[in-house]
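Taking it in order: structure first as structure tokens, then the write-up.
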There are 2 protein chains.
Amino acid sequence: MDTLTAEQIAERIWLSIAERRLRPGMRLKETELAEVFGTSRARVRQVLGMLEREGLVTIEVNKGAFVAEPSVEDARDIFHIRRAVEGRVLERLVDRLDKKKIETIRRHVEKERIANADNDQRQIIKLSGGFHQMLAEMAEAEFLSVLMRDLISRSSLITAAFRDSAKYNCGPDEHEEILNHLRDGDPEKAQEAMRHHLEHVEKELRLAAGRDTPRSLKDLLS
Amino acid sequence: MDTLTAEQIAERIWLSIAERRLRPGMRLKETELAEVFGTSRARVRQVLGMLEREGLVTIEVNKGAFVAEPSVEDARDIFHIRRAVEGRVLERLVDRLDKKKIETIRRHVEKERIANADNDQRQIIKLSGGFHQMLAEMAEAEFLSVLMRDLISRSSLITAAFRDSAKYNCGPDEHEEILNHLRDGDPEKAQEAMRHHLEHVEKELRLAAGRDTPRSLKDLLS
DNA sequence: GCATACAATATTGTCGACAATAATGACAGC
DNA sequence: GCTGTCATTATTGTCGACAATATTGTATGC
């Protein structure tokens, strides 16, 4: 892979943020990124624009790009909206799922299980988001896919920022439970399982008092 | 106004689409746009990227940018999701509105009324979207504002594509009704009025059979 | 010694030139 | 006269150079 596309670079940065290698507030210099990915500054700027739109970085004019620093309120809002959107997705899914799609999802969950067994963090993160993205795409509403992509990005950042352990331990069991209810054609239970899943993820965040992401040195030293 | 910012250019193009001067499918050549707005191609490309993310234009690699052509399904989906999102906004608003904010909204609706009386299409479109954007921002959830902006853009395109008359006759009366219920602290009635408002707008679209936007000459001549 | 002004450096913002690709038109062969 | 091929033109994609701005370092006056 010689020349990376903007999307590929964006994914790499997203993964670095989700893996907590890039922490909220960190500076993202254009020339550095360009060197790292062996590309031009122009492309890096394009990528940073995409990431800003997805809420992963903030860009200050004439200052530069930084990994975004979501607030506790942001975290709550995102999960709140996400519960609503995932609900709509499942609503739409019941009419649209056939054996073939169920099988596709099943294979995906299987991959998640393997990645978990291997403790392959990068794959775990990618596949975990991919599960929800796949459901949104099967709902066959263009905008829901776009929206879900956005929500997954922001959720990844929030998880990285507020989670206690470095481990991304949202195992595939809950995904499989949702899948099983979908297979059984039981939308209510699928909805319930999804709600439970999202609440579980949110509960594991430290949203109470201590925040992980000092906004500035001032906050850090006060 | 000598040099326009990317946002200003994007707004101008959005307005042209909403006013039906730019129709779905129309080609948007970079050099032409650059000349029209007295700017560089680089900036135009930046703007086109923004508009693509908002769903207003589609970009085909090595082909160029075109005004997006929403399908009937897209239209239904957008309004479906929009109803849900506007509902969440109103939910959050009840706890957050004070006299000052109510007054701000009231003044906005007043402006809408004036624009309507003057039959100033451009102002009508801007203010009509601005009403919903204002509510979303008062809900104080960053992501809801971003989301609403997106939904408003796409709704404008859909309205332009599927509406019978050229007139943008979503008058300020329904906005005022929502405002009144909010002022009275009656969330249920506000929700009801919003639902009615959005359904009214959607009902006025020709989403049944005939579509306004031929995807290609083949469709047009078959 | 401290603060302020100024210079040097680093970083981002903007643009125009060139390369790559697609669309169009001309021409030759049949 | 029609079709396929090639050349021409038009348009988009990419990049590096330069300008504008912010940051850091240095010196100077008090």
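Sequence lines set the chain letters: A, B, ... in the order given, protein chains first and strands last, and positions in each chain run from 1.
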Suppose the criterion is side-chain hydrogen bond (donor to acceptor under 3.5 Å, both in side chains): which pairs have a residue in residues 31-42 of chain A, not counting sequence neighbours? A:Glu30-A:Arg41
The side-chain hydrogen bond (donor to acceptor under 3.5 Å, both in side chains) partners of B:Glu142 (sequence neighbours excluded) come to none
Listed partners of A:Glu52 passing side-chain hydrogen bond (donor to acceptor under 3.5 Å, both in side chains), at least two apart: none
Applying side-chain hydrogen bond (donor to acceptor under 3.5 Å, both in side chains), name anything that partners B:Glu137, two or more places apart in sequence or on another chain. B:Gln133
Which residue lies toward the 5' end of DNA chain D, B:Arg27 or A:Gln46, if each is placed at its nearest nucleotide? B:Arg27
B:Arg122: what forms a side chain to side chain contact (heavy atoms under 4.5 Å, CB included) with it, not counting sequence neighbours? B:Leu15, B:Glu19, B:Arg21, B:Asp120, B:Lys126
Please, which pairs that meet ring-ring contact (aromatic ring centres under 6.0 Å, His included) have at least one residue in residues 123-161 of chain A, sequence neighbours excluded? A:Phe131-A:His175, A:His132-A:His175, A:His132-A:His197
Side chains of A:Ser71 and A:Asp74: donor-acceptor distance under 3.5 Å anywhere? yes
Give the residues of residues 47-62 of chain B touching DNA chain D, defined as any heavy atom closer than 4.0 Å, sorted by residue number. B:Val61, B:Asn62
According to side-chain hydrogen bond (donor to acceptor under 3.5 Å, both in side chains), who are the partners of A:Arg149, at least two apart in sequence or on a separate chain? A:Glu54
B:Lys29 vs A:Thr39, nearer the 5' end of DNA chain D by closest nucleotide: B:Lys29
Give B:Arg43 one of three labels, base, sugar-phosphate or nothing, depending on what nucleic acid heavy atoms sit under 4.0 Å from its own. sugar-phosphate
Segment of DNA chain D, first to last nucleotide, that comes within the 4.0 Å heavy-atom reach of chain A: D:dT14 to D:dT23
